[in-house]
Visitor: 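One structure, as structure tokens, below. Some questions next.
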Amino acid sequence: MEYHVPLALLINKCLTPIWYLVGGIGNIVSARIWFHPRMKASNISANYLAALAIADFIYLFLHVFYELENPWLMGTLDLPIWCELWNMLYMSIQYLCVLLVLAFTTERFLSVCHPFKSERFSRKTRSTRVIVLFFIVALLFGSPQAYFWQVSETESVCFVRYSISGAGGSFYTIYTWGSEMIMFGVIPLVVLSLNICVLLRIKTAGQLNIREARTNQPGHASVTTTITLLCVSFYLIVTTLPVTITFAIQNNIVLGPPMPISQMGDDPVWTAYFNYYSARTIIKEICMSHHVSNLFIYYATSKSFRKRIKECLLCSSKYKEGENRQYPSLLLQTKVQATNQ
């Protein structure tokens, strides 16, 4: 790959650390703000967004091991137990991110299109139960990966079990292909359909505003950030479906015959494979941004989120100012002592 597709590997090696830095900080900030009592009181979907930020952070943390394994070839997954556990967690957390988007998209769909039926669904206590339920569902869908993968005794490499790997009819291929098509193909299309219904409902109403919804506690009202949730949902769709398409067509991409590396570029079969590998690598890197960029979507579309960030920055600056006043410089202390003397 370094000989034939160096650009794709360079993009992978350079762009991924940027995602780690931006996404790590952004998801921590997002989770902290959405967990704030004021944000939870004014937005019923705050629990979903906070859980999504945590899930994105965990995904980036797990992806570090994948990145060190490929393309850096450091063997970070080639350990017994960890190989199986990592593959299960890595797939489960991706499933959870998609399910959380489905959850708050459904909540928005009911509140906008069926406001009377949404009174039972749009409850803060129910959102916690839904998050726990989807977490269990994601683990159930991802748990077979712990059986599919193992560290081979001969090569000490984390690889699919030879007993279940094989052609298109193997259990591993059928289950992996089916589960990923459901999670990354069917569910994003369902989310897209629900978003279209919400937009049509807003258009029919003749206004593009945010619906005011009442919480269970009397005297409290929360303004739901419908535009924010729509943007997060659409961005997930835009960044998930291209990866799903590249995954779906990979079974039609075959390797060329054995030959020296320098001659592979002249073989049409190897050339087709290298083109596919380059496109898949670049698409995966770009689409990985949906685990990173939610902070910017929140800041651009949510007034309450921007206000909360400004309040945090203001409190931080006042705290630093107080520290400076409390602990004067050494020169100032010397002048004060001299004056007192």
Side-chain angles (χ1 to χ4, degrees), residues 8 11-12 14-16 18-24 26-27 30 34 45 48-60 63 66 90-91 93-109 112-113 134 138 177 179-203 208 210 224-250 275-302 305:
I11 293 175
N12 188 2
C14 294
L15 188 58
T16 304
I18 298 176
W19 291 150
Y20 293 156
L21 178 62
V22 177
N27 287 316
S30 298
W34 288 120
S45 300
Y48 293 123
L49 297 177
L52 179 61
I54 296 175
D56 286 334
F57 181 84
I58 296 175
Y59 169 82
L60 294 175
H63 194 274
Y66 178 81
Y90 185 69
M91 295 307 303
I93 203 66
Q94 293 184 72
Y95 296 157
L96 180 60
C97 292
V98 177
L99 291 173
L100 289 174
V101 175
L102 174 65
F104 66 68
T105 302
T106 303
E107 191 273 331
R108 286 299 87 213
F109 168 76
V112 173
C113 300
F134 279 167
W177 194 91
S179 60
E180 295 203 8
M181 286 299 104
I182 292 174
M183 290 293 180
F184 304 133
V186 176
I187 291 182
L189 291 177
V190 173
V191 171
L192 176 62
S193 302
L194 295 177
N195 285 335
I196 292 175
C197 293
V198 171
L199 291 176
L200 291 176
R201 177 63 177 175
I202 293 175
K203 182 180 179 181
L208 188 63
I210 299 175
T224 57
T225 53
T226 304
I227 303 302
T228 300
L229 301 180
L230 286 174
C231 291
V232 174
S233 299
F234 277 119
Y235 195 75
L236 173 78
I237 296 168
V238 171
T239 54
T240 300
L241 291 180
V243 179
T244 305
I245 294 174
T246 58
F247 174 80
I249 66 176
Q250 73 176 2
N275 292 334
Y276 166 77
Y277 182 87
S278 299
R280 186 184 68 178
T281 302
I282 295 174
I283 290 173
K284 286 178 64 177
E285 281 299 311
I286 296 175
C287 294
M288 185 180 168
S289 62
H290 81 83
H291 296 285
V292 176
S293 57
N294 285 338
L295 173 69
F296 305 102
I297 296 177
Y298 301 149
Y299 189 85
T301 59
S302 176
F305 191 87

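Small disclaimer: the values here were computed from a predicted structure and weren't measured. Sequential numbering from 1 along the given sequence is applied to the chain's residues.
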Visitor: Using modelled atom types and a 3.5 Å cut-off, is there a donor and acceptor pairing between side-chain atoms of N27 and backbone atoms of G23?
Guide: yes

Visitor: Under 6.0 Å between ring centres, would you say that holds for H290 and Y235?
Guide: no

Visitor: Give the minimum heavy-atom separation between G24 and L60, together with the two atoms involved.
Guide: N-CD1, 3.9 Å

Visitor: Step through the shown structure and confirm whether more than 12 heavy atoms of other residues, nucleotides or ligands are within 6.0 Å of CH2 on W177.
Guide: no

Visitor: Is the shortest side-chain heavy-atom distance between L49 and N294 below 4.5 Å?
Guide: no

Visitor: Would you call the rings of H63 and Y90 parallel, tilted or perpendicular, where under 30° means parallel and over 60° means perpendicular?
Guide: tilted

Visitor: May I ask you to test the M183-L99 pair for a side-chain heavy-atom distance under 4.5 Å?
Guide: yes

Visitor: How many angstroms lie between atom CG of L236 and atom CG of L102, to the nearest 0.5 angstrom?
Guide: 10.0 Å

Visitor: For V198 and F109, which heavy atoms make the closest approach, and how far apart are they?
Guide: CG2-CA, 3.7 Å

Visitor: Could you name each residue pair satisfying side-chain hydrogen bond (donor to acceptor under 3.5 Å, both in side chains) that touches residues 237-249, not counting sequence neighbours?
Guide: none

Visitor: For atom CZ of F234, is the number of surrounding heavy atoms from other residues, nucleotides or ligands below 6.0 Å larger than 12?
Guide: yes

Visitor: State the CG-SG distance between L241 and C287, to the nearest 0.5 angstrom.
Guide: 9.0 Å

Visitor: Looking at every non-hydrogen atom in both residues, tell me the closest pair between S233 and V191 and how far apart they are.
Guide: CB-CG1, 3.7 Å

Visitor: Could you state the interatomic distance from CG (L199) to CG (N195), rounded to the nearest 0.5 Å?
Guide: 6.5 Å

Visitor: Indicate the atoms forming the closest heavy-atom contact of L295 with S30, along with that distance.
Guide: CD1-OG, 3.5 Å

Visitor: Looking at T228 and I297, what are the two nearest heavy atoms and their distance?
Guide: O-CG2, 4.2 Å

Visitor: Indicate yes or no for a side-chain donor-acceptor contact from D56 to the backbone of S293 under 3.5 Å, with no hydrogens or angles considered.
Guide: no

Visitor: Distance from I18 atom CD1 to E285 atom CD, nearest 0.5 Å?
Guide: 10.0 Å

Visitor: How many angstroms lie between atom CG of L194 and atom CZ of R108, to the nearest 0.5 angstrom?
Guide: 12.5 Å

Visitor: Any side-chain heavy-atom pair from E180 and M91 closer than 4.5 angstrom?
Guide: yes

Visitor: Are W34 and Y298 close enough that their ring centers fall under 6.0 Å?
Guide: yes

Visitor: Please tell me whether F247 and F184 form a close aromatic pair, meaning their ring centres lie under 6.0 Å apart.
Guide: no

Visitor: Kindly compute the distance separating CG (L52) from NE2 (H291), expressed to the nearest 0.5 Å.
Guide: 9.0 Å

Visitor: Has the side chain of Y48 got a donor or acceptor atom that lies under 3.5 Å from a matching backbone atom of T105?
Guide: no

Visitor: Evaluate the criterion side-chain contact (heavy atoms from CB on, under 4.5 Å) for residue pair V243 and I283; output intermediate values, then yes/no.
Guide: CA-CA 7 Å; V243 179; I283 290 173; 4.2 Å; yes

Visitor: Show the nearest heavy-atom pair for residues C231 and T301, with the distance to one decimal.
Guide: SG-CG2, 3.9 Å

